[in-house]
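Everything quoted here is computed from the prediction, not taken from an experiment. One-based numbering along the sequence shown. Counting starts at 1 for both ligands and their atoms, following the listed order.
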Amino acid sequence: MSSAARPSALSQVLSGQWQPSPPIWMMRQAGRYLPEYREIRERAGSFLKLCLTPDLATEVTLQPIRRFGLDAAILFSDILVVPMALGQTVSFNAGEGPQLSPLMDHDAILRLPRQLDLNALAPIFETIRLVRKALPSSVALLGFCGAPWTLATYMVAGASTGDHAPARLLAYRERQVFASLIDVLVDASIDYLVAQFKAGVDAVQIFDSWAGILPPHQFQCWCIEPAARILAGVKARVPDAKIIGFPRGAGTMLPTYVEQVAVDAVGLDWTIDLAFARDHIQSRRPIQGNLDPLVLVAGGDALDQSVDVVLDAFAARPFIFNLGHGILPETPIANVERMIARVRGHCG
Ligand code: CP3
């Protein structure tokens, strides 16, 4: 944990304390919409090399903080470094998204190591140490991992064609085999998140980007139960760990998620009914979200109005302003500045 004299605004919200001006950060805030990111990305050669070179990863993690003065930095890395450290081949090809050697057969899944090799991820822990040293204590540093279900969709399908059918079919046809993959990922996630806390992150986010495509009973087995086990496992070893859950698209399953998963805050995408979220989720837990990333591309009055709608719904109780999913590469920087000024202008 950081040795901050006073906890950051984001850490305070994660402890349930309301802030008159909500802290703000953006998912994928270090990325292709920034010219300074594109320059370093080119210098690194490959995306994975950028993730695994501490000096460069530190630099791109800090870029959006320097430019916008956001309340949190998020470690620059990717959720797919975990399958990589479990021995899967992972590559990122421009315009194609990630490619993995698919884990289609039982043997490949049953051969996965039962334990994550943390040494393979050592450069990431070094990045965390460097970033934490460079940041003032008022800015929180977030680590993250992919949730087991979301990682499994990529690990089973191999390519990122947005095809979740291979993982869903495996879960239906070979329930035990699929469950053993989820078990490996639960244990790996616990070890990985604990190591991130030991290296200096203030909080972590669990990205379950594909939570919203499952029927409720499958959501229960493959999203809620693994997340609950990760929460219990991390908090047993780091009792004051702060954890944000982001089960994207969970919709009406969200109240069940917050009842059963001890997250300190829950991230919302932009499709949720705001009154429902306020009455059934924010009444129990701080929330984070949920501006449509496309209105940030559009800008103008539509952006101002959308920011106000989110603030009106959520800013009266513990709240972290964010987008409902990652910032899009075509987002104009002026629109980001406009959004931040409007959020900062709000004072409860
Ligand atoms: O938020 C941040 O600024 C921190 C860095 C971060 C990245 N990926 C960098 C990245 C984080 C937190 C992620 C999480 C991630 N990665 C998720 C969960 C969140 C989500 O967006 O749903 C997922 C599903 C992935 C897997 C992944 N990584 C995909 C599908 C892709 C290709 C799509 C794309 O946007 O290009 C990536 C690549 C990726 N991860 C990029 C970045 C900045 C772009 C690669 C590049 O710059 O060449």
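Atom 1 (O) of ligand 1 has its nearest heavy-atom neighbour, among Arg38, Arg28, Glu42, in Arg28. In the candidate list Leu151, Ile206, Leu75, Leu75 is nearest to atom 4 (C) of ligand 1, counting heavy atoms. Checking Tyr154, Phe207, Phe246 against atom 24 (C) of ligand 1, the nearest heavy atom belongs to Tyr154. With distances taken over non-hydrogen atoms, the option nearest atom 31 (C) of ligand 1 out of Gly143, Gly97, Pro98, Ser46 is Pro98. Heavy-atom proximity to atom 22 (O) of ligand 1, evaluated over Ala73, Ser209, Pro64, Pro329, is greatest for Ser209.
Backbone and side-chain nitrogen or oxygen atoms of Thr150 are examined, and none is located within less than 3.5 angstrom of a nitrogen or oxygen of ligand 1. Of the polar atoms of Trp210, none of the N or O atoms is found under 3.5 Å from an N or O of ligand 1, judged by distance alone.
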Quiz item: Arg342 and Asp304: salt bridge (charged side-chain N to carboxylate O under 4.0 Å, His left out), yes or no, with the steps?
Solution: CA-CA 7 Å; Arg342 204 160 179 95; Asp304 292 349; 3.7 Å; yes

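At least one heavy atom of Tyr37 sits less than 4.0 Å from an atom of ligand 1. A heavy-atom separation below 4.0 Å is not found between Arg248 and ligand 1. Ligand 1 lies out of reach of Gly146, whose nearest heavy atom is not under 4.0 Å from it.
Taking a cutoff of 4.0 Å between a charged side-chain nitrogen and a carboxylate oxygen, Arg237 and Asp191 qualify as a salt bridge. Between Glu42 and Arg38, none of the side-chain N atoms (NZ, or NE/NH1/NH2) sits under 4.0 Å from a carboxylate O, so this pair counts as no salt bridge. Between Glu36 and Arg67 there is a salt bridge, since at least one side-chain N of the basic residue sits less than 4.0 Å from a carboxylate O of the acidic one. Between Asp202 and Arg132 there is a salt bridge, since at least one side-chain N of the basic residue sits less than 4.0 Å from a carboxylate O of the acidic one.
Under the 3.5 Å distance criterion, the side-chain polar atoms of Asp269 are left unmatched by any main-chain donor or acceptor of Gly324. Side-chain N or O atoms of Gln282 include one that pairs as donor or acceptor with a backbone N or O of Phe314 at under 3.5 Å. At least one donor-acceptor pair closer than 3.5 Å links the side chain of Gln12 to the backbone N or O of Pro7.
Close contacts of ligand 1 with Gln29, meaning ligand atoms under 4.0 Å from a residue heavy atom, involve 1 (O), 2 (C), 3 (O). In summary, the atoms of ligand 1 found under 4.0 Å from a heavy atom of Phe76, numbered by their order in the structure, are 43 (C). The Arg41 neighbourhood of ligand 1 comprises atoms 46 (C), 47 (O), 48 (O), with distances under 4.0 Å to a heavy atom of that residue.
In Gln205, neither the side chain nor the backbone holds a heavy atom less than 4.0 Å from any atom of ligand 1.
Looking at Trp25 and Gln288, their side chains do bring a donor and an acceptor atom within 3.5 Å of each other.
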